[in-house]
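We count ligands from 1, going down the list as the structure has it; atoms in each ligand are counted the same way. Small disclaimer: the values here were computed from a predicted structure and weren't measured.
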Amino acid sequence: MHADLPPATPLMPAEIAALPQRLPLWTREAGDKAIERHLRFTDFTAAFGFMSAVAQAAERLDHHPEWSNVYDRVSIRLTTHDTGGLSDRDVALAEAIDAAATRFNAARAK
Ligand SMILES: C[C@H](O)[C@H](O)[C@H]1CNC2=NC(N)=NC(=O)C2=N1
């Protein structure tokens, strides 16, 4: 189904070090195996609309978030299970998530 996509490529240490510049809204988890972002929306409908948009991006990229939702809040953790750490797919999904967050007027949470 996703035979057209190359396999996930692990990030090099220099790429991990540059993540704060590349993805300023994301924080690196201790150990640098994952990044996370916490968002708040105007209400549950907006939060769920955002999650639906992210779900479509995740399918397109063949890369899926670890996330949770409570009413108007969504917390997202990105890691690559296949490689056991951060990969280019995490960056690609984070960029798609940032674009969707803008469209759904997300605010920073936490
Ligand atoms: C078979 C399929 O391509 C893989 O299982 C993909 C699907 N989505 C994924 N999502 C995440 N976050 N990590 C993975 O390693 C991963 N692997």
Requested in this report: Anything with a heavy atom under 4.0 Å from ligand 1 counts, so go ahead and list those protein residues by chain and number.
Outcome: Asp62, His63, His64, Thr79, Thr80, His81, Asp82
**Report entry** For Leu86 against Ile35, the heavy-atom pair lying closest together
**Finding:** CD2-N, 3.9 Å
Query - Heavy-atom check, side chain of Arg77 versus side chain of Ser68, under 4.5 Å - result: no
Query - Leu11 side chain reached by Asp90 side chain, heavy atoms, under 4.5 Å - result: no
Identify each donor-acceptor pair in which a side-chain atom of residues 40-56 lies under 3.5 Å from a protein atom, sequence neighbours left out, and give them as a table.
{"from": "Asp43", "atom 1": "OD1", "to": "Thr45", "atom 2": "N", "distance (Å)": "3.3"}
{"from": "Asp43", "atom 1": "OD1", "to": "Ala46", "atom 2": "N", "distance (Å)": "2.9"}
{"from": "Ser52", "atom 1": "OG", "to": "Phe48", "atom 2": "O", "distance (Å)": "3.1"}

Report task. Mind listing the closest non-hydrogen atom pair of Leu93 and Leu61 along with its distance? Result -> CA-CD1, 3.7 Å
Query - Option among Glu36, Lys110, Arg37 that satisfies the side chain to side chain contact (heavy atoms under 4.5 Å, CB included) test with Thr27 - result: Glu36
